[in-house]
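Since the structure comes first, as structure tokens, the remarks are kept for the end.
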2 protein chains.
Amino acid sequence: MNVVNESPRRKELTRLAAQLFVQEGFDRTTVRMLAQEMGIKSGSLFHHFRDKQEILAAVIEEGTQNALTLARQALEECGESASERLHAMARAHLETLLTDRNAHVVALYEWRRLDPAARDHLSHLRDAYEELWERVIDEALAAGLIHGDRFLVSRFVMGALNWTVRWYDPEGPRKPEDLARELVAMIAPATHPRPGLSTKV
Amino acid sequence: MNVVNESPRRKELTRLAAQLFVQEGFDRTTVRMLAQEMGIKSGSLFHHFRDKQEILAAVIEEGTQNALTLARQALEECGESASERLHAMARAHLETLLTDRNAHVVALYEWRRLDPAARDHLSHLRDAYEELWERVIDEALAAGLIHGDRFLVSRFVMGALNWTVRWYDPEGPRKPEDLARELVAMIAPATHPRPGLSTKV
DNA sequence: GGTTTACACTAGCGCTTGCTTGGTTGATCT
DNA sequence: AGATCAACCAAGCAAGCGCTAGTGTAAACC
């Protein structure tokens with residue numbers, strides 16, 4: 001009966017669920033609401049997902065997987081300099097938030113609702129993504145592009161970026177590219193530092 | 001019966017509610033859980049609050065009010081230079097998150113659960129707080145301490161600061177003071193710029 | 001042609017939810 | 001001594017919750 005595979009139908013249902021989870025929050029979204037949005041009856045929902053928890057896990061897995069793929073691709077395609085790589089990561093992050101917004105908002109704000117098993121499984125994906133960031137931050141620090149505590153800097157940057165989902169308007173004049181440029185400029189005023197330049201911290 | 005005043009008992013109950021809301025989230029926190037934490041029966045709870053919504057509003061109002069008071073005080077006590085004022089605001093913000101953490105986490109993450117009436121009332125408080133920030137950011141921009149788009153910079157800074165509630169460990173070695181210093185250093189490398197110095201953006 | 005599979009349906013069980021009702025208690029005030 | 005009042009309780013209602021059981025059906029497979 002209940003399938004755990006990756007059927008296209010399930011993917012579509014997951015996308016719809018993400019939208020509702022963002023609109024209402026996970027707890028307030030009932031299986032009946034989900035079913036209606038999907039055009040089926042609530043009982044039929046459990047043919048695709050074992051339980052409500054599994055829908056949440058599917059949404060978050062989808063979003064995180066996409067973000068990871070996009071970030072890796074961006075790092076491969078960009079230049080070698082620390083500032084280019086920093087910019088590429090910031091831009092990829094923001095573009096993911098734009099194109100795949102629902103899944104990411106859910107991942108950020110409903111993570112606590114995952115049961116321990118799902119959380120354990122998905123935290124590996126998330127760690128992989130955060131490792132990409134820490135590596136790029138390390139490179140920027142080593143190149144003298146930015147200064148300060150590695151741990152703090154990376155968390156400040158992640159905070160600034162993740163917070164965008166609360167105010168960013170995709171219809172507005174500012175594009176992800178613009179935001180990424182502005183952020184890098186803010187924390188690394190000299191965008192093309194001479195390699196090996198050391199600055200007092 | 002139902003009182004809307006500010007009795008000390010109600011304040012204490014609000015504090016307990018904030019703690020539960022952080023632990024479980026607003027939706028998952030039942031009135032029975034709240035009552036048990038408060039050492040009363042669920043029915044008695046409605047003597048102090050009209051409904052569950054009003055408890056949420058009370059928690060958020062309390063937290064935002066404190067933050068506003070603390071920020072104003074910090075700005076009065078600190079020096080006049082842009083970097084000092086920026087640092088004072090960052091520090092006040094982080095200290096509030098530390099000493100009054102529960103209420104602030106609720107304000108940040110359960111805002112959507114407020115009904116329109118409460119949201120309208122509380123948004124004025126929040127706007128007053130954010131105006132303080134925008135003014136300080138403006139001063140820093142005018143002094144050449146930081147550069148860039150006023151709108152984007154203030155939101156990046158708020159994001160970096162608010163995100164701290166997700167990773168900051170009050171028991172750890174880093175104090176709010178340290179975080180504030182590091183953040184200001186990150187976005188304003190020259191902490192004591194000559195007044196009137198203009199820099200190419 | 002019979003069996004399997006994928007997907008949907010109806011009906012409803014057992015439980016929890018926010019909140020109400022009607023009443024009791026003990027301290028404070030006049 | 002009587003009145004007042006905040007604070008609390010026991011009991012329970014109506015609605016909504018996640019989820020299950022059992023069935024129908026059309027296409028796909030052997």
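Just so we're clear, the structure is a prediction, and the values are computed from it rather than from any experiment.
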Query raised in the report: To the nearest Å, how far apart are B:R113 CZ and C:dG18 P?
Result: 14 Å
**Report entry** C:dA8 OP1/OP2 closer than 4.0 Å to side-chain N/O of A:H48
**Finding:** yes
**Report entry** Whole-Å distance separating the NE2 atom of A:H47 from the P atom of C:dA6
**Finding:** 7 Å
Query - All side-chain hydrogen bond (donor to acceptor under 3.5 Å, both in side chains) counterparts of A:R119, not counting sequence neighbours - result: none
Query - Separation of atom CD1 in A:I55 from atom C1' in D:dC19, rounded to whole Å - result: 12 Å
Query raised in the report: Does a salt bridge link A:R155 with B:E182, judged by any charged N lying under 4.0 Å from a carboxylate O?
Result: no
Requested in this report: Give me the residues of residues 27-37 of chain A where at least one heavy atom lies under 4.0 Å from an atom of DNA chain D, by number, or none.
Outcome: A:T29, A:T30, A:V31, A:R32
Query raised in the report: Does B:M158 reach the side chain of A:W167, with side-chain heavy atoms less than 4.5 Å apart?
Result: no
Query raised in the report: Could you give the NZ-to-P distance, from A:K41 to D:dG18, as a whole number of Å?
Result: 16 Å
Query - Integer-rounded Å distance: C:dG18 P and B:R50 CZ - result: 18 Å
Query raised in the report: Does B:D178 reach the main-chain N or O of B:K175 with its side chain, forming a donor-acceptor pair under 3.5 Å?
Result: yes
Query - Between D:dA7 (P) and B:M38 (CE): distance, integer Å - result: 13 Å
Query raised in the report: Are the charged groups of B:E12 and B:R15 less than 4.0 angstrom apart, N to O?
Result: yes
Query raised in the report: Side chains of B:N162 and B:H93: is there a donor and an acceptor less than 3.5 Å apart?
Result: yes
Query - Parallel, tilted or perpendicular: ring planes of A:Y109 versus B:Y109, cut at 30 and 60 degrees - result: tilted
Query raised in the report: Just to confirm, is there a sub-4.0 Å distance from OP1 or OP2 of D:dC9 to any side-chain nitrogen or oxygen of B:S44?
Result: yes
Report task. Examine C:dG18: is either OP1 or OP2 under 4.0 Å from a nitrogen or oxygen in the side chain of B:K52? Give yes or no. Result -> yes
Requested in this report: Rounded to the nearest angstrom, tell me the gap between atom CD in B:Q53 and atom P in C:dT17.
Outcome: 17 Å
Query - Separation of atom CD1 in A:I40 from atom C1' in C:dT10, rounded to whole Å - result: 14 Å
Query raised in the report: Counting side-chain heavy atoms from C-beta on, which of C:dT20, D:dC19, D:dC9 comes nearest to B:F46?
Result: C:dT20
